[in-house]
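Just below is one structure, and these are the notes that go with it.
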Number of protein chains: 2
Amino acid sequence: MTVTIKDVAKAAGVSVASVSRALNGHQSVTEGTRRRVREAAERLKYIPHGAARSLITRRTHAVGALLPDLHGAFFSELIRGIDLAARAHGLHLLLSSSHGSAQEAAAALQSMRGRVDGLLVMSPHADDAFLRENLSPNLPSVLMNVRNGLGHQYTTLMPDNVGGARAMVEHLAACGHRRIAFIGGPAVNFDAQERLRGYMEGMASVLPDATALSLEGDFTEESGHRMGREALKLSPSAIFCANDMMAIGCLSAIREAGLSVPQDVALAGFDDIPMARYLTPPLTTVHVAIAELGSSALTQLAMAVESPDTYVVSEQTLPTELVIRDSCGFRATSVPSPRGRPAPAITTA
Amino acid sequence: MTVTIKDVAKAAGVSVASVSRALNGHQSVTEGTRRRVREAAERLKYIPHGAARSLITRRTHAVGALLPDLHGAFFSELIRGIDLAARAHGLHLLLSSSHGSAQEAAAALQSMRGRVDGLLVMSPHADDAFLRENLSPNLPSVLMNVRNGLGHQYTTLMPDNVGGARAMVEHLAACGHRRIAFIGGPAVNFDAQERLRGYMEGMASVLPDATALSLEGDFTEESGHRMGREALKLSPSAIFCANDMMAIGCLSAIREAGLSVPQDVALAGFDDIPMARYLTPPLTTVHVAIAELGSSALTQLAMAVESPDTYVVSEQTLPTELVIRDSCGFRATSVPSPRGRPAPAITTA
DNA sequence: TGGTGTGATGAAAACGGTTACATGAAATTC
DNA sequence: GAATTTCATGTAACCGTTTTCATCACACCA
């Protein structure tokens, strides 16, 4: 049925050991033998059995990625980054996304053990208890967008949520806004916490006399719409949403109130999803290099896998970029030009 | 170091065979033995070695997905659908995307063999020769969005590109348009071919006296912009783009020509990416149930894997839906309302 | 009581590779 | 020319699991 190393050995007239050596580029093999083996393997279309190999080598050359139930641009960009880096490191990617509960996430992790050399974890359920329970210490793991309280036991990467949000507040203040409302994400979400913190810090440092006007949404367009209506009651001159989808919802709430952006209310988002520049008006937002987050995380993981002894755990913050478009009233062109550099950008830490 | 079945056997005072039987729910095991084994396994935190198991069982409980280098909503939706169905069938997902060339795709397939029980293939490079060369006949495989010329050797799924494009032409004609230009995708692309065919068929059946006005883009926004300019030279009353991104590019080309949509020129796209309803004006397009495509494909594959003897290869077409918004001039509301049903929809075959 | 069926258990053979070690021939050294 | 090194190759052990087959105790039946 399937052709094994024995078949190749027989066909080439050598032992299985020689086949293994020849095919794996071991040095002590005659050129003639190597050629005959190569030819036989080629002819028989021999493909080594991955499981058998990893049984003895204790390497699967695969890493697992545990991702939350997210869709849209964020998700695809993240995977793109991860996948690209994985291929560069010769690693396979075992993907498990869209798990809604902590139990599901735990089950996914369980079933991955023994199949992967390392783990990439981004999950809203990934608190300390969860990690302690479900992450084996001898399996290299890298975390994304989680608070890592475990004594720096795991490498952690996250976008500079605080810096990005701060920069946005500073920009809005520089545009002359004083009453800046903030529509945050769910309080349990780590990114949401960080962005709220950035908003607070920004307000405190740039507008110490102004009151912080903060509402809690849940990152969905619908909640942006709902909270946008609430926010308008505070008569703000600018509304800063913790992500772009909420900003979209907020935009329609503003319109429904008979107001226009940016003339009556300035609007800003966070993430810079592709849609942001096609809105009317184009949305001022904070760009997060998501693909880069994914590929950096995987590169870290690859290093941890390849040389566990010399690898040092670290905590990395990826810079964000302020992308100024029209919705904040800073400038006023209207038709997005295709493939042009998006807008003036300011990079944060 | 790692705890194996032997350690559990020793701890429970039984043989490895009994441990295996107890843990895998074999019937001929005493309740007492089973309990002791369970306890020992629990205590030692034993997790079976996947590679060792799949070496003997010849099952990896994983399927591979070979996807093209695409990003954005299409990609994430597809993966979501696949992943969801995979979890439902207890299968792991080995992902390999973003391979640019046929060689890379071939290499990816190569390195997956022996690690997966089945293969999900969507690739622009997946023509007959490629498939014959790189797909082993004893590895169940399901194809998406490819022309399957191999005597129905593989199950194939694809959206109803022809029907969707036809329906759009019919709708535009019903709106009173006679000069309907079409900006297609790259001629080598299968989806592009089908959508062009749908356009042609639609024109022939509904507007037999009108000339087909067809241009070739490459599915990018930029080409939509470029071809949009060309299309305008043909003084069309409607432009139908083979995907939404090109429609976006086309929209800006129309604006730059000093014309407006839909008053001067009607515009339509294909795919219904999330962005489509947020454009100004909201884009009339053809909705493709991408997640469903992915999950259906995986379900087919799971069936093929689980019962290869009774499985029958099939060819499935997933219905598309006409989504009528404002860009075609059919109606004229303007602000997209959040979470509302998108628009009147017409389902095709 | 002796034969027989039954059901739990253990020993050992797979699965398909890699690699330590043994072997023997050729090359090198004296 | 004998001793010794070198080096390509083969033999066999091993990785961790499942599963076949043999074994053995036990209850059952005549």
Side-chain angles (χ1 to χ4, degrees), chain A residues 1-38 40-41 44-62 110-117 136 138-139, chain B residues 1-38 40-41 44-62 110-117 136 138-139:
Chain A
M1 182 76 81
T2 60
V3 34
T4 77
I5 197 172
K6 284 181 194 153
D7 302 318
V8 179
K10 201 169 295 176
V14 295
S15 72
V16 292
S18 292
V19 175
S20 176
R21 281 189 282 253
L23 259 32
N24 292 335
H26 233 266
Q27 74 287 4
S28 72
V29 178
T30 311
E31 201 45 51
T33 313
R34 193 182 302 272
R35 191 176 40 73
R36 269 180 308 156
V37 169
R38 281 248 177 76
L44 299 177
K45 290 192 191 300
Y46 165 67
I47 299 198
H49 193 291
R53 176 179 281 171
S54 60
L55 180 56
I56 185 79
T57 59
R58 319 199 125 285
R59 271 301 188 81
T60 64
H61 291 286
Q110 280 273 338
S111 70
M112 272 189 181
R113 275 168 75 178
R115 314 178 153 268
V116 297
D117 295 333
S136 145
N138 29 11
L139 189 66
Chain B
M1 182 75 79
T2 60
V3 32
T4 77
I5 197 173
K6 284 183 195 152
D7 301 317
V8 179
K10 201 169 295 174
V14 295
S15 73
V16 293
S18 292
V19 175
S20 176
R21 281 189 283 251
L23 260 34
N24 292 334
H26 236 268
Q27 75 287 4
S28 72
V29 178
T30 309
E31 202 43 53
T33 313
R34 193 183 302 272
R35 192 178 38 74
R36 269 181 307 157
V37 170
R38 282 248 176 79
L44 299 177
K45 287 189 192 302
Y46 166 67
I47 298 200
H49 193 292
R53 175 178 283 175
S54 60
L55 178 57
I56 185 79
T57 59
R58 318 199 126 289
R59 270 299 189 82
T60 63
H61 291 284
Q110 282 270 338
S111 69
M112 272 188 182
R113 274 170 74 180
R115 314 177 153 269
V116 297
D117 295 334
S136 145
N138 29 12
L139 188 66

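Lettering follows sequence order; numbering is per chain, from 1. Since we're looking at a predicted model, the values are computed, not measured.
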**Asked** In whole angstrom, what separates B:Ile5's CD1 from D:dC15's P?
**Response** 14 Å
**Asked** Taking for each residue the nucleotide of DNA chain C with the nearest heavy atom, is it B:Ala52 or B:Ser28 whose nucleotide lies nearer the 5' end?
**Response** B:Ser28
**Request:** Compare side-chain N and O positions of B:Thr4 against OP1 and OP2 of D:dC15 and report whether any pair is under 4.0 Å apart.
**Result:** no
**Message:** I need the CG-P distance between B:Asn24 and D:dT20, as an integer number of Å.
**Reply:** 13 Å
**Request:** Just call it for A:Val19: base, sugar-phosphate, or nothing, with non-hydrogen atoms closer than 4.0 Å on any strand.
**Result:** nothing
**Item:** chain B footprint on DNA chain C, 5' to 3' - any atom under 4.0 Å from a heavy atom
**Value:** C:dA8 to C:dG16
**Request:** To the nearest Å, give me how far apart CZ (A:Arg36) and C1' (D:dT9) are.
**Result:** 11 Å
**Request:** Calculate the interatomic distance between B:His26 atom NE2 and D:dT17 atom C1'; express it in whole Å.
**Result:** 13 Å
**Request:** Check whether any side-chain N or O of B:Thr4 sits under 3.5 Å from a backbone N or O of B:Lys6 as a donor-acceptor pair, and report yes or no.
**Result:** yes
**Item:** Donor-acceptor contact below 3.5 Å, side chain B:Arg115 vs main chain A:Thr60
**Value:** yes
**Message:** Measuring from atom OG of B:Ser18 to atom NE2 of B:His26, what distance do you get when rounded to the nearest 0.5 angstrom?
**Reply:** 11.5 Å
**Message:** Under 4.0 Å, counting only non-hydrogen atoms across every strand here, what does B:Ser54 touch: a base, just sugar-phosphate, or nothing?
**Reply:** nothing
**Asked** Roughly, in whole Å, what's the span from CD in A:Glu31 to C1' in D:dT9?
**Response** 16 Å
**Upstream residue (5' side of DNA chain C) when B:Val29 and A:Leu55 are each assigned their closest nucleotide** = B:Val29
N/O donor-acceptor pairs under 3.5 Å from side chains in residues 51-59 of chain B, not counting sequence neighbours:
residue: B:Ser54; atom: OG; partner: B:Gly50; partner atom: O; Å: 3.1
residue: B:Ser54; atom: OG; partner: B:Ala51; partner atom: O; Å: 3.3
residue: B:Thr57; atom: OG1; partner: B:Arg53; partner atom: O; Å: 2.9
residue: B:Thr57; atom: OG1; partner: B:Arg59; partner atom: N; Å: 3.4
residue: B:Arg59; atom: NH2; partner: B:Val305; partner atom: O; Å: 3.1

**Asked** Whole Å only: how far is the CD1 atom of B:Ile47 from the P atom of D:dT17?
**Response** 11 Å
**Request:** Describe the nucleic acid contact of A:Ser20 in one word from base, sugar-phosphate, nothing, applying a heavy-atom distance below 4.0 Å.
**Result:** base
**Asked** Looking across every strand, which nucleic acid part, if any, lies under 4.0 Å from A:Arg58 by heavy atom: base, sugar-phosphate, or nothing?
**Response** sugar-phosphate
**Asked** Out of B:Ser15, B:Pro48, B:Ser20, which residue meets the side chain to side chain contact (heavy atoms under 4.5 Å, CB included) rule with B:Ile5?
**Response** B:Ser20
**Item:** Under-4.0 Å side-chain N/O to phosphate OP1/OP2 contact, A:Ser18 with D:dG10
**Value:** yes
**Request:** Starting from P on D:dT17, measure out to CZ on A:Arg115 and report it in whole angstrom.
**Result:** 13 Å
**Asked** Say you draw a straight line from CZ of A:Arg34 to CG of A:Leu23; how long is it, rounded to the nearest 0.5 Å?
**Response** 9.0 Å
